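So the structure is just underneath, and the comments pick up after that.
Everything numeric here is computed off the predicted structure, so don't read it as measured data.
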Amino acid sequence: SGRPTASGTIAIDRARDVAWVVSPDADVVTRVLLAGPSVDVEIPVGRRPRSVAVGPDGRAWVTCEDDATVWSIDATQGASSAAIVRLPRASRPHGIALDPGGAVAYVALSGTGELAKVDVATARVVGRLPLGPTARAVAVSADGARVLVTRFVSPEGRGEVWDVDAARFQLARVIALPMDPGPD
């Protein structure tokens with residue numbers, strides 16, 4: 001069992017003492033040396049990068065919302081490969097998280113309301129699970145058994161989180177979050 005993983009605009013790679021940061025306005029991902037801290041390299045990726053995740057091998061995976069791609073960056077080279085995963089047009093990939101072992105990447109497709117399952121070794125989509133509108137952030141439990149996906153715009157009166165059984169790749173339940181009347 002590893003550590004839980006989660007999508008975000010910043011991913012820390014403690015083994016290599018670097019951080020990866022997406023810049024949606026500049027269409028780049030930046031590698032920052034934490035010892036400095038200082039910018040190591042800025043790498044151009046697809047249009048409007050939204051989230052970055054780092055696998056155990058140090059490879060950074062970046063979702064690019066406007067061109068429906070997932071990019072892979074080789075940490076040893078500091079250079080980006082071609083957009084290796086092409087997703088359906090207008091699927092608007094947002095959050096990405098790898099399972100703790102680094103074998104599977106889960107990508108929230110905000111435009112189509114799905115969760116995509118990507119085999120990291122082959123860079124192929126091996127499953128798409130319909131969830132509902134505006135899927136955004138992704139988290140994977142430490143044992144890799146559960147994938148939690150947030151809903152950006154939920155029904156009135158409550159928030160929602162989808163709880164996915166990773167082994168079966170099916171929706172296990174919808175977690176209803178009580179409304180918080182504030183103050184903000």
Side-chain angles (χ1 to χ4, degrees), residues 1-22 29-34 40 43 45-46 49-65 68-88 91 93-110 112 114-131 135-151 161-175:
S1 171
R3 297 176 65 143
T5 62
S7 60
T9 57
I10 300 171
I12 305 293
D13 182 352
R14 297 206 187 281
R16 290 157 196 83
D17 206 27
V18 298
W20 294 91
V21 182
V22 296
V29 63
T30 303
R31 186 171 63 187
V32 177
L33 302 175
L34 295 176
D40 181 32
I43 301 165
V45 291
R50 300 303 283 174
S51 185
V52 60
V54 178
D57 63 354
R59 184 170 290 274
W61 294 79
V62 181
T63 58
C64 295
E65 186 175 57
T69 57
V70 176
W71 289 63
S72 177
I73 299 170
D74 184 340
T76 60
Q77 302 296 324
S80 109
S81 63
I84 61 163
V85 180
R86 296 203 178 273
L87 298 161
S91 60
H94 201 279
I96 184 169
L98 276 65
D99 74 318
V104 176
Y106 295 98
V107 181
L109 305 179
S110 187
T112 58
E114 297 172 298
L115 180 66
K117 183 178 183 179
V118 177
D119 181 304
V120 169
T122 64
R124 294 189 183 264
V125 176
V126 295
R128 286 175 44 200
L129 177 65
L131 294 174
R136 279 289 175 95
V138 181
V140 182
S141 63
D143 61 4
R146 297 171 65 194
V147 181
L148 300 170
V149 182
T150 65
R151 183 171 176 181
V161 175
W162 294 292
D163 184 353
V164 174
D165 178 323
R168 293 186 182 95
F169 199 57
Q170 66 185 26
L171 183 63
R173 66 185 172 136
V174 177
I175 301 169

So, the side chain of Thr150 versus the backbone of Val161: is there a donor-acceptor pair under 3.5 Å, distance only?
-> no
Any side-chain heavy-atom pair from Arg59 and Asp74 closer than 4.5 angstrom?
-> yes
Just wondering, do Lys117 and Val104 contact through their side chains at under 4.5 Å, heavy atoms?
-> yes
Could you pull out the closest heavy-atom pair between Leu109 and Ala116, with the gap in Å?
-> CD1-CB, 4.0 Å
Ile73 CD1 to Trp61 CH2 distance, which is reported to the nearest 0.5 Å = 10.5 Å
Considering all heavy atoms, the nearest Gly58-Asp13 contact = CA-OD2, 3.7 Å
side-chain hydrogen bond (donor to acceptor under 3.5 Å, both in side chains) partners of Arg146, counting only residues at least two apart | Asp163
Any side-chain heavy atom of Pro49 within less than 4.5 Å of one from Val29?
-> no
Is there side-chain contact between Val118 and Val70, with heavy atoms separated by less than 4.5 Å?
-> no
State the CG-CZ distance between Leu34 and Arg14, to the nearest 0.5 angstrom.
-> 8.0 Å
Calculate, to the nearest 0.5 Å, the distance between atoms CZ and OG belonging to Arg3 and Ser141 respectively.
-> 14.0 Å
Mind listing the closest non-hydrogen atom pair of Gly46 and Cys64 along with its distance?
-> N-SG, 3.4 Å
Flag the pair Leu115 / Phe169 as yes when at least one side-chain heavy-atom distance between them is below 4.5 Å, and no otherwise.
-> yes
Looking only at heavy atoms, the pair that brings Ala68 and Ser91 closest together is CB-OG, 3.7 Å
Value rounded to 0.5 Å, distance of OG1 in Thr63 from NE2 in His94 = 7.0 Å
Check for a donor-acceptor pair, side chain of Thr5 on one end and backbone N or O of Leu98 on the other, with a separation under 3.5 Å.
-> yes
For the pair Val164 and Leu131, evaluate side chain to side chain contact (heavy atoms under 4.5 Å, CB included) and give the outcome as yes or no after the intermediate values.
-> CA-CA 9 Å; Val164 174; Leu131 294 174; 4.1 Å; yes
Heavy atoms only: give me the nearest Gly102-Pro56 pair and the separation to one decimal.
-> CA-CD, 3.5 Å
Sub-4.5 Å side-chain heavy-atom contact between Val22 and Ser51 = no
Mark yes or no for whether Ser7, through its side chain, and Ala97, through its backbone, hold a donor-acceptor pair below 3.5 Å.
-> no
Hey, does the side chain of Asp99 reach the backbone of Gly144 with a donor-acceptor pair shorter than 3.5 angstrom?
-> no
Could you give the distance from CG (Leu87) to CZ (Arg128), rounded to the nearest 0.5 Å?
-> 8.0 Å
Before giving the answer on side chain to side chain contact (heavy atoms under 4.5 Å, CB included), spell out for Val174 and Trp162 the whole-Å C-alpha distance, their side-chain angles and the decisive distance to 0.1 Å.
-> CA-CA 5 Å; Val174 177; Trp162 294 292; 3.8 Å; yes
Taking only residues two or more places apart in sequence, or in another chain, which ones meet Arg136 in a side-chain hydrogen bond (donor to acceptor under 3.5 Å, both in side chains)?
-> none
Do you know which two heavy atoms are closest between Thr69 and Arg86, and how far apart they sit?
-> CG2-NH1, 3.5 Å
Can you tell me how far the OH atom of Tyr106 sits from the CG atom of Leu148, to the nearest 0.5 Å?
-> 11.5 Å
Taking side-chain hydrogen bond (donor to acceptor under 3.5 Å, both in side chains) as the test, write out the residues that go with Arg168, two or more places apart.
-> Asp165
